[in-house]
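Computed over heavy atoms, backbone and side chain alike; hydrogens, waters and symmetry mates excluded.
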Amino acid sequence: MSKHVQDEKPPMTAEAKEWFDKEIASQEDRYKAIVDEQDGLIPEREKWYTDFLEIVQTRGFSVTGDTRRPISKEEVPEKPDRPDAMRVVW
């Protein structure tokens, strides 16, 4: 089997390992802050979705130019019945 450059990994110095661990912790903190902010918006987003669905069912959805077509209740997909249905950040 031939040897490839990508198969050779140089050893990580203690300083690099420390920086790496610090950077991972920092990114996890930022991610948690984003998730918390998005989760805090869930009740407001529920209202946005409800309002949007009402608009497309009553006034319609723009098909082309100034042509609108109302979306029937049967065409609107049901909200999935799972805890993470409103989750934005994965």
Side-chain angles (χ1 to χ4, degrees):
M1 180 180 241
S2 63
K3 194 173 178 182
H4 299 286
V5 170
Q6 63 265 29
D7 294 335
E8 294 294 318
K9 184 176 175 184
M12 190 179 288
T13 65
E15 180 184 358
K17 175 80 171 124
E18 181 183 331
W19 176 87
F20 200 73
D21 293 341
K22 191 170 142 185
E23 190 65 24
I24 289 173
S26 171
Q27 288 182 20
E28 287 173 348
D29 290 344
R30 288 193 303 269
Y31 175 81
K32 183 177 178 344
I34 292 168
V35 169
D36 290 345
E37 183 179 347
Q38 290 296 320
D39 287 349
L41 287 173
I42 287 177
E44 192 172 357
R45 288 177 52 236
E46 290 273 6
K47 183 181 179 328
W48 294 339
Y49 289 146
T50 304
D51 292 346
F52 170 76
L53 292 176
E54 182 182 328
I55 289 169
V56 297
Q57 289 175 9
T58 55
R59 293 194 320 209
F61 179 78
S62 291
V63 178
T64 97
D66 60 351
T67 306
R68 285 183 172 260
R69 181 180 82 79
I71 307 298
S72 68
K73 186 139 184 99
E74 294 78 36
E75 292 179 277
V76 175
E78 299 231 356
K79 179 183 168 193
D81 185 24
R82 61 177 198 264
D84 65 348
M86 296 294 289
R87 191 165 183 194
V88 175
V89 181
W90 292 91

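Side-chain N or O atoms of T50 include one that pairs as donor or acceptor with a backbone N or O of E46 at under 3.5 Å. In this structure, the side chain of E44 does not engage the main chain of L41 through any donor-acceptor pair within 3.5 Å.
Here the CZ atom belonging to F61 is positioned 12.5 Å from the OG1 atom belonging to T67, to the nearest 0.5 angstrom. In this structure, W19 CH2 and I24 CD1 are separated by 9.0 Å, a value rounded to the nearest 0.5 Å. Between the CE atom in M12 and the CD atom in E18 there is a gap of 12.5 Å [rounded to 0.5 Å]. Between I34 atom CD1 and D39 atom CG the span is 12.0 Å, to the nearest 0.5 Å.
In the hydrophobic clustering of ILVMFWY residues, with side-chain heavy atoms under 4.5 Å counting as a link, I55 and V76 come out apart.
A pairwise comparison of heavy atoms in P80 and A85 identifies O-CB, 3.5 Å as the closest pair. Looking at every heavy atom in both residues, R68 comes nearest to R59 through CD-O, 3.5 Å. What you find for D84 and R82 is that their closest heavy atoms are OD1-NE, 2.7 Å.
You'll find the side chain of I42 reaches within 4.5 Å of the side chain of R45, heavy atoms only. For the pair M86/Y49, a side-chain contact is recorded, criterion being any heavy-atom separation below 4.5 Å from C-beta on.
More than 12 heavy atoms of other shown residues, nucleotides or ligands fall within 6.0 angstrom of atom CD in E23.
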